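Note sheet for the following structure.
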Protein chains: 8
Amino acid sequence: VRTGVPEIIYCAGKTQEQICGIVKNMLEHGAEHIFGTRCSREKYEAVRKICPDMEYDELARIISRGKPAQPFNNGMILVACAGTSDLPVAREAALTARFLGNEVEEIYDVGVAGIHRLLAKMDVLTRANVVIAVAGMEGALASVIGGLTDKPVIAVPTSVGYGASFNGLAALLAMLNSCASGTSVVNIDNGFGAGYMAHSINCLAGKRSR
Amino acid sequence: VRTGVPEIIYCAGKTQEQICGIVKNMLEHGAEHIFGTRCSREKYEAVRKICPDMEYDELARIISRGKPAQPFNNGMILVACAGTSDLPVAREAALTARFLGNEVEEIYDVGVAGIHRLLAKMDVLTRANVVIAVAGMEGALASVIGGLTDKPVIAVPTSVGYGASFNGLAALLAMLNSCASGTSVVNIDNGFGAGYMAHSINCLAGKRSR
Amino acid sequence: VRTGVPEIIYCAGKTQEQICGIVKNMLEHGAEHIFGTRCSREKYEAVRKICPDMEYDELARIISRGKPAQPFNNGMILVACAGTSDLPVAREAALTARFLGNEVEEIYDVGVAGIHRLLAKMDVLTRANVVIAVAGMEGALASVIGGLTDKPVIAVPTSVGYGASFNGLAALLAMLNSCASGTSVVNIDNGFGAGYMAHSINCLAGKRSR
Amino acid sequence: VRTGVPEIIYCAGKTQEQICGIVKNMLEHGAEHIFGTRCSREKYEAVRKICPDMEYDELARIISRGKPAQPFNNGMILVACAGTSDLPVAREAALTARFLGNEVEEIYDVGVAGIHRLLAKMDVLTRANVVIAVAGMEGALASVIGGLTDKPVIAVPTSVGYGASFNGLAALLAMLNSCASGTSVVNIDNGFGAGYMAHSINCLAGKRSR
Amino acid sequence: VRTGVPEIIYCAGKTQEQICGIVKNMLEHGAEHIFGTRCSREKYEAVRKICPDMEYDELARIISRGKPAQPFNNGMILVACAGTSDLPVAREAALTARFLGNEVEEIYDVGVAGIHRLLAKMDVLTRANVVIAVAGMEGALASVIGGLTDKPVIAVPTSVGYGASFNGLAALLAMLNSCASGTSVVNIDNGFGAGYMAHSINCLAGKRSR
Amino acid sequence: VRTGVPEIIYCAGKTQEQICGIVKNMLEHGAEHIFGTRCSREKYEAVRKICPDMEYDELARIISRGKPAQPFNNGMILVACAGTSDLPVAREAALTARFLGNEVEEIYDVGVAGIHRLLAKMDVLTRANVVIAVAGMEGALASVIGGLTDKPVIAVPTSVGYGASFNGLAALLAMLNSCASGTSVVNIDNGFGAGYMAHSINCLAGKRSR
Amino acid sequence: VRTGVPEIIYCAGKTQEQICGIVKNMLEHGAEHIFGTRCSREKYEAVRKICPDMEYDELARIISRGKPAQPFNNGMILVACAGTSDLPVAREAALTARFLGNEVEEIYDVGVAGIHRLLAKMDVLTRANVVIAVAGMEGALASVIGGLTDKPVIAVPTSVGYGASFNGLAALLAMLNSCASGTSVVNIDNGFGAGYMAHSINCLAGKRSR
Amino acid sequence: VRTGVPEIIYCAGKTQEQICGIVKNMLEHGAEHIFGTRCSREKYEAVRKICPDMEYDELARIISRGKPAQPFNNGMILVACAGTSDLPVAREAALTARFLGNEVEEIYDVGVAGIHRLLAKMDVLTRANVVIAVAGMEGALASVIGGLTDKPVIAVPTSVGYGASFNGLAALLAMLNSCASGTSVVNIDNGFGAGYMAHSINCLAGKRSR
Ligand SMILES: Nc1ncnc2c1ncn2[C@@H]1O[C@H](COP(=O)(O)O)[C@@H](O)[C@H]1O
Ligand SMILES: Nc1ncnc2c1ncn2[C@@H]1O[C@H](COP(=O)(O)O)[C@@H](O)[C@H]1O
Ligand SMILES: Nc1ncnc2c1ncn2[C@@H]1O[C@H](COP(=O)(O)O)[C@@H](O)[C@H]1O
Ligand SMILES: Nc1ncnc2c1ncn2[C@@H]1O[C@H](COP(=O)(O)O)[C@@H](O)[C@H]1O
Ligand SMILES: [Mg+2]
Ligand SMILES: [Mg+2]
Ligand SMILES: [Mg+2]
Ligand SMILES: [Mg+2]
Ligand SMILES: [Mg+2]
Ligand SMILES: [Mg+2]
Ligand SMILES: [Mg+2]
Ligand SMILES: [Mg+2]
């Protein structure tokens, strides 16, 4: 693999058998690090039978084995999240970035309807190299954060909400229209993609400190 | 008219001749107050010929004649606006509410990507009875304001923007999904409707002070 | 809390454990009034174990504990509802507004295809300070009521219907395009938001009578 | 032609030359009755050169020549219209039905936000065989009329409005979701289609009186 | 009831208890004819306990009791249906029209991709007073039938299909754009509405034969 | 070029200068055959100055120079077209296929609302190797033709229509949902793409006859 | 049947009883070849009871009985597939084309984000008469393949993905906009339609080799 | 300004007078660097009167004055562009990034239907710190590039195309669904936003080289 990134398994479209097959194959090839997203507990239980030290994050629905020896980079990626229902997506982003070797901090419950909770976190915002802003419903968090930092912001709309949220469409459109410069967007609920993008950005900065 | 509200002319779908006919008819019936929205300068010039003291607001595209003797109510309606391109809609709201007898204040350039500009206006926000939040693009202003006040907030999405703003759809959906309680929404670009709604709310409060 | 409004729990995106945790925490801090929307019976049963005097409204799917000692306000909020399938949303609006201390009346089965049933209710319509109009399908109720009263009308589209109702989109669009002045709209099925908005409006009026 | 209906020219997609060619051809074949919709004044002026007794209705944008000697049918088709901007579509429906030999009555300015104006017309509603309800914006007229009559109602959404009317989509969806039985819908702005459908219905009734 | 049409129960949004309550109430008021649409077998079984002579049509999901003594009208309503998956909607239309006192004929499997099967039915098409054309997928049946008859055609799009059928949207749009005159459209899957509309049209013709 | 297909210029997104530059360059490289789509008359006039034997098809808006010496293939491509407003797209398809060396026949005015006009053309349909079905509005032509032939059918939706045609979306969806096997679809108004696809299919057959 | 193609059963909209009825009927009429798509294992088990040599492909969800004695045609149809989740649709296409008598080859895991995997298959691409490109998510495979071959390409969007894939809409639109000439598109997930279209194209070529 | 980025003028929603006012004000405050996007030639001509050394890029529609003394950063931003109609957006991105002090390279005409043209540019792709991929129609470029590099890729959909491109929606959705990791998306036609995002990423890397 060109990038040195360990293979990542997207479990959503795969059967238990297919996932076990992939994991077995990776183990046979001596893979130390294994990471899989969108994995149900059932599938995890099956995988654990053939790979006992596989761990499971219930919230993020992520299976993983092995951690990078040490973060390759001093720069920090911040994951900021509006509401508690957005947590699974935020955790998917955080775990992905951490697995790829980044230092990650997380701030939760900083939705824009309570702006002072976000402003109280200016210090951690200032320390971050990259910010991942996760929000459903009106998706305004990305714009507000974008206005508070000059670092790149990756916006993740979530499918949280009902009615005119249209499964995340409202947040997606809002984020694409963000009036804050230095913001870009990934697919609805794509915590993995945001974590990966943040990592590929942080890699540029990372080279610095070595 | 039940509410004592003077008749209001929606000029967009009417020819010059039709508008002049309505105005002439109103004048003949002794109308002192005349008010028309979505009026082009051309139509205004035609109307002025038969009603010389008709005035014109270029930005809001409103024709009006006569002002209420004095605001009927001590309560204030605040119109807050994100960007300069949203100004015509914001002004339509402000002029409508003022014409209907309300005291109106306006704050502009308080988009959420520069949150401190909005926070610097907490005093006027606190004094308002009702707030009209006008914003295009990601439409986040309504949520942030809704979180800063416990007064009713009327959100007006505007068609400002391009691409995935889809002529105001992005802002409309964002506002409908606002996570701040005490917020409701009118049609895209409907400054008139917001001004009128704010007035009908302020009327309730207004009765108090008499 | 700035507004004196008790904390309200949105149960839809939370697990049984999370809701019980919140309720326990509120009780420990001496909360008398607890209110939660979108709560399944299962979740309610779990909550009742740690809070035996919690009550449940099956239709509105609301848990609540404690009532305001007496309505703070003489003004009345009217909830009008088109069809029987719209009832859960209408009840959510009514219970929310009542919990927040408002006097609430309810009229049901006043869909526009039977206009005389609505006209027969002119007296209660006239007595209301604010009207909440709940309707799915073609959502015409808001416009008709808006034309019959000069009080603020809050329109709530519901996801009732099938086919080209597109889960409430038809009613939402109709309500946003209402030709009656003095009307604004909340999200599809958002009875809570309508009740809260009506409350924030009624508060303005409420100050009057003290 | 099976139905005895004279050929009708849809001028919108045709050049001046094409329309003149069709008219000339009809005249040469001895056609007494000629009827064309969506015709601009320019095109009409060109046609009049080769067919001097062709008439033009500016509002409906219809060219026509010759009238049926006498209405073939005692039954009446009623065209009801919500706002003044809907007039062109309503007129297209009325002129089409009249040209096809029907007695047509028209009532205008009966939008649902002023329900009493419609109720004042119950007599003519009761006399009609078929009702065509023309409305843009929230399109609620069809449901209200459908509830007031047991005759078939043909709903015509118009593209009048702005913002979330989405060029007639809001009215179209509302009409398709009408909660009044005995209602069906034609395409946005399709006055012609409504007039024709009403005619084909009235033909059934028409046979009665002979 | 103004129209002499017996009350019809829309069971989809009602609980077993609610439906039984309505039926019991109707029986107590001496109703001979009872008719309900969108009724599951479970609900039917419950109803039958309190109304043993209630019948059930599995395909159309209709409960009914009592038949009109004799068709009030010699005119015939034809229900034509493209595919076997459209049958439930077609049957809902047919049973509704029949229950309302009309003579109804049905032709099935006449989709446009096998045009000769439809052409082979010209005789029954010619005998009909009104035609109901039921089709999902590309919804072309209405246009073809509309071209073959000069009687009013009511088009019913169905939600049959997958992918770009978007739950009936494709068929709905196609039918609204039908190039055949004398066609109008009801909501997706609304067999009931089509049957009722056909009845209200046939009533006009019906008066003739008395 | 791998396929021996001469370079084709898509003029829509290019300035007069850019097109002239490309043509000049082709001439300098000895190109005999030049072909450009979506070309306005203005652009053509400019091109003719530097390439006097360039020809222009007003309807199809195509510039071309040189014809293949003789059709490379005995198989015939049939272009069938529903209405006169679809003609430009049909012609773009026909000219493209002909320019690429195919024998092309064209039948027009065979919309499905007059099915007998299409059935009268069974002979030419039977002789075709490939059929291109061009239709706007309800787009039903492709399905009917697909049912009448076992040859591949390429469906081209056009943006002809108004209201719920949504600029060709209705026809596009209808064609994608065609219930006739052996049909595939190109972009709205993409006569060029259909002509090219038909050519690439006919090439397979073409090799046969040599 | 004109084309000599055996009758094919679309099982999705049919009950177990209906499918068994059809199969029994085919067997009684001496059918050797039976083929059914979108068939669940449950339905298959039922069918097998009356037709013991019916086979089942779990992935493609296809039942089939009997194979063509030998491929009628030397030309080859290539099915190329982007991701493992697209496999069921790709297999439906492959099995359909093979059942109709074509030689079919399949290449999988050639998504555009790993372009070299596709380029490594140029030989098989070059040998194909027709290519079926199956892809969900961004659907780019069709354009890349279309650029690599001059044979007709049939693009099949799949509903694989989440969020802004909108159940295959993203892939569908991308494929309709393909910038590669010689490409056309079938409905989302319509592997059957693609296989059939490829067959009807290959038939033209097939005649060649006899 | 926090980030040291000079103020940038978005000219699209501003009048000539407003833009001149802003420029004059900047000059009076000693601004050396002025940069404005979406500026028509007319507006530029007006600005040049008060700021004679303002320059204009016709293609990108950008006004600018002054260049950064030297790129602050050795890292390079690559702008890759699919078709000639995408050029204005690509140039907007390139000029923005360059104005902000970055070294920028540009490669054009590398659409995915001619994949070898892109592969021939692997060297420049490998040298880039960040890649901006600009594409309309099917928007596949971002995925292919994302698969060829491990650097962050910013995808810009353009509104180029017709029919089912729906003004850039097709490209936008495709890019959001990109199967290549390390990709994020900005609004349709938002070359400025992509250039700015690339800059904010490159800033992280840039610090390295000092
Ligand atoms: N949650 C996710 N959302 C989107 N893409 C993912 C996700 N998790 C993994 N992926 C991508 O899927 C690829 C693996 O796909 P597959 O080969 O089908 O398992 C990984 O390399 C990632 O690029
Ligand atoms: N800008 C506006 N947007 C929406 N509705 C408006 C606007 N201006 C006026 N109206 C409404 O249009 C009514 C007048 O409509 P009309 O009778 O057509 O002139 C007024 O009473 C208002 O309710
Ligand atoms: N299948 C159906 N689809 C739409 N409307 C229906 C249907 N069946 C009955 N209705 C309507 O629903 C009304 C009864 O509604 P309800 O009072 O809620 O039972 C009837 O009078 C009909 O107008
Ligand atoms: N009318 C059309 N619609 C879509 N694509 C076209 C059309 N005409 C030409 N093309 C394609 O555009 C390519 C040329 O594009 P360009 O290099 O921008 O001139 C041709 O090779 C065709 O593939
Ligand atoms: Mg920023
Ligand atoms: Mg608030
Ligand atoms: Mg009112
Ligand atoms: Mg009725
Ligand atoms: Mg007809
Ligand atoms: Mg066929
Ligand atoms: Mg090709
Ligand atoms: Mg990459």
Side-chain angles (χ1 to χ4, degrees), chain A residues 81-86 109-122 125 133 135-150 153 155 157-185 188, chain B residues 81-86 109-122 125 133 135-150 153 155 157-185 188:
Chain A
C81 176
T84 51
S85 330
D86 302 316
D109 199 20
V110 290
V112 299
I115 199 74
H116 292 292
R117 286 197 297 268
L118 177 60
L119 295 177
K121 304 283 187 182
M122 274 308 296
L125 204 55
M137 304 181 83
E138 84 272 65
L141 187 62
S143 291
V144 176
I145 287 182
L148 293 172
T149 180
D150 57 356
V153 176
T158 71
S159 57
V160 160
Y162 61 88
S165 98
F166 295 123
N167 302 315
L169 180 64
L172 171 64
L173 295 184
M175 285 168 165
L176 286 167
N177 283 285
S178 174
C179 48
S181 303
T183 304
S184 64
V185 187
I188 298 164
Chain B
C81 178
T84 50
S85 331
D86 302 317
D109 199 20
V110 290
V112 298
I115 200 75
H116 293 292
R117 286 198 295 269
L118 177 61
L119 295 176
K121 305 283 186 180
M122 275 308 296
L125 204 56
M137 305 181 83
E138 85 269 66
L141 188 63
S143 289
V144 176
I145 287 182
L148 294 172
T149 178
D150 58 354
V153 175
T158 72
S159 57
V160 161
Y162 61 86
S165 98
F166 295 124
N167 303 316
L169 178 64
L172 171 64
L173 294 183
M175 285 166 164
L176 285 167
N177 282 285
S178 174
C179 48
S181 303
T183 304
S184 64
V185 186
I188 297 165

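Values below: every heavy atom of this structure, side chains too, minus hydrogens, waters and symmetry copies. Keep in mind that what you see is a predicted model, and the values were worked out from it rather than measured.
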Checklist line | Which of B:Leu141, B:Leu176, B:Val144 touches chain A most, by non-hydrogen pairs under 4.5 Å | finding: B:Val144
Check: What closest approach, in Å, do B:Ala174 and A:Glu138 show between heavy atoms, and which atom pair accounts for it?
Finding: O-CB, 3.0 Å
Check: What part of B:Tyr162 lies closer than 4.5 angstrom to a heavy atom of chain A: side chain, backbone, both or neither?
Finding: backbone
Checklist line | Side chain / backbone / both / neither for B:Ile145 at chain A, heavy atoms under 4.5 Å | finding: neither
Checklist line | Smallest separation among heavy atoms of B:Asn177 and A:Ala170, with atom names | finding: ND2-CB, 3.4 Å
Checklist line | Residue pair A:Ala164 / B:Leu173: nearest heavy atoms and the distance that separates them | finding: O-CD2, 3.7 Å
Next item on the list: Evaluate the side-chain contact (heavy atoms from CB on, under 4.5 Å) criterion for residues A:Leu119 and B:Leu119: first the C-alpha distance (whole Å), next the side-chain angles of each, then the deciding distance (0.1 Å), finally the verdict.
Entry: CA-CA 11 Å; A:Leu119 295 177; B:Leu119 295 176; 3.3 Å; yes
Margin query: For the interface with chain B, which of A:Ala180, A:Ala171, A:Cys179, A:Ala140 has the highest count of heavy-atom pairs at distances below 4.5 Å?
Written below: A:Cys179
